[in-house]
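For reference, the structure discussed in these notes is given below.
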Amino acid sequence: MHETEIHLGEPPVVVNIGVGVHGVANRTDIFRLPELWQLHLYGYEAELTVEGTTHAIRPGRVSLVPPGTTVRYHYKGRSEHLYAHLRIAPVGPPHPVAVIQNAGLEFPVLTRLLLQGIAGFPGEPEHSRAELWTALWRIVRLAPAPRTGPHPAVTTAIAHIEAHLAAPLTVPDIARNADVSHNHLTRLFRAETGTTVIAHIRHRRMERAHHLLRASTLSIPAIAASVGIPDLQAFNKACHRELGASPRALRNGRPPVETQEGAPITSVTDARSGRVHP
């Protein structure tokens with residue numbers, strides 16, 4: 001897991017907060033909090049594995065792990081960090097946030113906010129809530145680290161689509177495979193590729209169909225099934241709309257019609273499932 005989403009429409013409930021001391025009796029801790037978020041500020045080096053993804057812990061980094069997520073810490077020795085266990089209601093719009101990131105110049109500010117939250121707990125719970133709410137807003141607004149390539153969630157989503165073009169594909173399923181929410185993947189995909197997940201699926205299915213029609217001796221029903229449109233009538237309509245000719249005409253050498261951005265949408269999405277229909 002690289003990213004998650006958090007709602008900040010109201011202050012969190014601080015269930016526990018303090019200084020954690022680890023790496024003394026055991027160098028490895030594996031656990032999860034079924035109902036609580038985990039916020040940690042680090043001043044040491046270690047490794048944090050979140051749902052199979054390993055992250056380097058370095059001084060000045062902050063992690064924010066959602067409820068029900070299994071974490072594995074591997075320490076190099078005695079390790080102390082500030083932590084808070086929070087109950088956060090799904091109120092307000094979701095905010096994407098990295099599971100672990102460099103707090104940079106914000107680290108001293110976050111440290112001060114957590115120490116003030118510790119000082120107010122449990123005698124002044126409203127004080128602790130206010131300090132932690134401010135800290136969370138600062139964390140979601142940290143500048144993301146520069147990337148030289150596509151977002152990993154988009155890369156994972158595209159790879160999943162390529163491997164499953166013959167199967168029913170839904171945006172929620174693709175998002176789950178990429179470890180992000182449906183809405184977050186939709187935003188990322190549009191920003192990275194300039195198109196939607198559904199349009200990309202439709203385009204890749206028709207590209208593969210055209211290639212197989214021209215380059216292989218597979219039957220038209222077999223090609224239709226291999227690109228996830230086993231209904232021959234639907235496949236024929238999709239070829240006409242997307243490629244400008246019937247499957248048989250395309251097999252006989254008619255070139256496909258170039259599609260343009262902004263052309264009428266030729267697939268629809270089930271509003272509840274996100275399933276792509278030809």
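Any value given below was found using the heavy atoms of this structure, including those in side chains, with hydrogens, waters and symmetry copies removed.
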We want to know whether Glu207 and His211 form a side-chain donor-acceptor pair, criterion being a heavy-atom distance below 3.5 angstrom. no

Hey, could you give me the CZ/CG distance between Arg72 and Asp29, rounded to the nearest 0.5 Å? 10.0 Å

Can you find a pair of side-chain heavy atoms, one from Glu131 and one from Arg112, that are under 4.5 Å apart? no

Distance (rounded to the nearest 0.5 Å) between Asn102 CG and Leu142 CG: 8.5 Å

Within the 6.0 Å centroid threshold, strictly below: Tyr44 and His22: no

Any chain of hydrophobic side-chain contacts (each under 4.5 Å) joining Val65 to Ile30? no

Evaluate the criterion side-chain contact (heavy atoms from CB on, under 4.5 Å) for residue pair Ile174 and Ile161; output intermediate values, then yes/no. CA-CA 8 Å; Ile174 296 167; Ile161 291 167; 3.8 Å; yes

Mind checking whether Val14 and Pro125 have side chains closer than 4.5 Å, heavy atoms only? no

Is any side-chain heavy atom of Arg251 closer than 4.5 Å to a side-chain heavy atom of Ser216? yes

Find out whether Ile229 and Met206 are in side-chain contact, i.e. whether some heavy atom of one side chain is under 4.5 Å from a heavy atom of the other. yes

With the side chain counted from C-beta on, respond yes when Val99 and His2 share a heavy-atom pair under 4.5 Å apart, and no when they do not. no

If you define the side chain from C-beta out and look only at heavy atoms, does anything of Val154 sit under 4.5 Å from Ile158? yes

Carefully, step by step, assess Thr155 and Glu192 under the rule side-chain contact (heavy atoms from CB on, under 4.5 Å). CA-CA 10 Å; Thr155 302; Glu192 296 277 355; over 6 Å; no

Single-linkage hydrophobic cluster, 4.5 Å side-chain cutoff, Ile100 and Phe31 together: yes

Please lay out, stage by stage, how Leu213 and Ile220 fare under the test side-chain contact (heavy atoms from CB on, under 4.5 Å). CA-CA 7 Å; Leu213 286 166; Ile220 290 175; 4.0 Å; yes

Spatial distance of atom CZ (Arg32) from atom CD (Glu51) [nearest 0.5 Å]: 9.0 Å

Can you tell me which residue among Leu110, Val97, Leu113, Ile88 is in a side-chain contact (heavy atoms from CB on, under 4.5 Å) with Leu136? Ile88

CA sep, side-chain torsions, deciding dist, call: Leu41, Phe107, side-chain contact (heavy atoms from CB on, under 4.5 Å): CA-CA 8 Å; Leu41 288 180; Phe107 189 77; 3.9 Å; yes

Quick check: closest heavy atoms across Ala178 and Thr156, and the distance to 0.1 Å? CA-CG2, 3.9 Å

Qualifying residue, where the test is side-chain contact (heavy atoms from CB on, under 4.5 Å) with Ile139 and the options are Glu106, His95, Gln101: Gln101

Here the pair of heavy atoms bringing Ser63 nearest to Tyr42 is OG-OH, 2.7 Å

Could you measure the distance from the OG atom of Ser181 to the CG atom of Leu188? Nearest 0.5 Å is fine. 8.5 Å

If every non-hydrogen atom of Phe189 is compared with every non-hydrogen atom of Thr193, which pair is closest and at what distance? O-OG1, 2.6 Å

Taking every non-hydrogen atom, the tightest pair across Ser246 and Cys239: C-CB, 4.5 Å

Does a sphere of radius 6.0 Å around CZ in Arg58 hold more than 12 heavy atoms from other residues, nucleotides or ligands, not counting ones at 6.0 Å or beyond? yes

Relative to the ring of Tyr83, is the ring of His81 parallel (under 30°), tilted (30 to 60°) or perpendicular (over 60°)? perpendicular

Positive for side-chain contact (heavy atoms from CB on, under 4.5 Å) with Ile201, one of Arg204, Arg205, His203: Arg205

Do Phe121 and Leu115 land in one hydrophobic cluster if side-chain heavy atoms of ILVMFWY residues count as linked below 4.5 Å? yes

Tell me the closest heavy-atom pair linking Leu250 and Ala245, and the distance in Å. CD1-O, 3.8 Å

Going by heavy atoms in the side chains, are Trp37 and Pro12 under 4.5 Å from each other? no

Between Glu3 and Arg187, is there a side-chain N and carboxylate O pair less than 4.0 Å apart? no

Identify whether the distance between the nearest side-chain nitrogen and carboxylate oxygen of Glu45 and Arg61 falls below 4.0 Å. no

Quick one: does Leu212's side chain get under 4.5 Å of Ser226's, heavy atoms only? yes

